[in-house]
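Structure, as structure tokens:
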Amino acid sequence: MSVTVNIYYTGKDGAARRFAEEMESSKTAAAIRREEGNLRYAYFLPMADPETVLLIDEWEDQQAIDRHHASPMMAKIAELREKYDLHMKVERYLADTDGIPETDSRFIKE
């Protein structure tokens, strides 16, 4: 069962956005995307909060997350979080193995 982790990075004066930009430009994000079990690693900018960046981080299972947490990538991420003085809010979601209910799917345009 896949696990999705939403991480809201919040800072001051554009720090969260600069953090995400450095994660991309340093190729750290690309290396994480290549890790075994990573399904998604993408940054988004919430329209209502310019001081926050949302990371949607999806993994095949908890074991894949555990391997990621034990990898050298975590030291680089921690270093950048400190550099930009970021605070975090974390949400975790497990995949809905039953799929989208018919009552919801009628509202989705593909």
For a quick test of your reading: what N or O donor-acceptor pairs under 3.5 Å do the side chains of residues 75-89 make, sequence neighbours left out?
residue, atom, partner, partner atom, Å
K83, NZ, E22, OE1, 2.8
K83, NZ, E22, OE2, 3.3
Y84, OH, E22, OE1, 2.5

### Message
Count I, L, V, M, F, W, Y as connected when their side-chain heavy atoms are under 4.5 Å apart, and connections chain through other members. Are Y8 and L55 then in the same cluster?
### Response
no

### Query
Would you call the rings of Y41 and H68 parallel, tilted or perpendicular if under 30° counts as parallel and over 60° as perpendicular?
perpendicular

### Query
If you take all heavy atoms of M1 and L94, which pair is closest and at what distance?
SD-CB, 3.5 Å

### Query
Going only through I, L, V, M, F, W and Y residues with side-chain contacts under 4.5 Å, is there a path from Y93 to V90?
no

### Message
Between E51 (side chain only) and D13 (backbone N and O only), is there a donor and an acceptor less than 3.5 Å apart?
### Response
yes

### Query
Does the distance from a Lys or Arg side-chain N to an Asp or Glu carboxylate O, for R17 and E24, drop under 4.0 Å?
no

## Note on the structure
Of all heavy-atom pairs linking G11 and A16, the shortest is N-CB, 4.2 Å

### Task
Would you check, one step at a time, whether the test side chain to side chain contact (heavy atoms under 4.5 Å, CB included) holds for M73 with T28?
CA-CA 7 Å; M73 297 299 155; T28 302; 4.2 Å; yes

### Query
For R67, what residues pass the side-chain contact (heavy atoms from CB on, under 4.5 Å) criterion, not counting sequence neighbours?
E36, Q63, A64

### Message
Assigning hydrophobic clusters by single linkage (Ile, Leu, Val, Met, Phe, Trp, Tyr; side-chain heavy-atom cutoff under 4.5 Å), is V3 placed with M74?
### Response
yes

### Message
Within the 3.5 Å criterion, strictly below it, is a donor on D57 or W59 matched to an acceptor on the partner's side chain?
### Response
yes

### Message
Hydrophobic cluster membership, with links at side-chain heavy-atom distances under 4.5 Å among I/L/V/M/F/W/Y: are M23 and V5 in one?
### Response
yes

#### Entry: side-chain contact (heavy atoms from CB on, under 4.5 Å) involving E60 - partner list, sequence neighbours excluded
L39

### Task
Using the six-membered ring wherever Trp is involved, compare the ring planes of Y43 and Y9 and label them parallel, tilted or perpendicular (cut-offs 30° and 60°).
tilted

### Task
Please confirm whether the backbone N or O of S2 pairs with a side-chain atom of E58, one donor and one acceptor, at under 3.5 Å?
no

### Task
Would you please test Q62 and R92 for side chain to side chain contact (heavy atoms under 4.5 Å, CB included) and show each step?
CA-CA 11 Å; Q62 184 60 47; R92 286 176 47 98; 2.8 Å; yes

### Exercise: identify the closest heavy-atom pair between P46 and V53
CD-CA, 4.2 Å

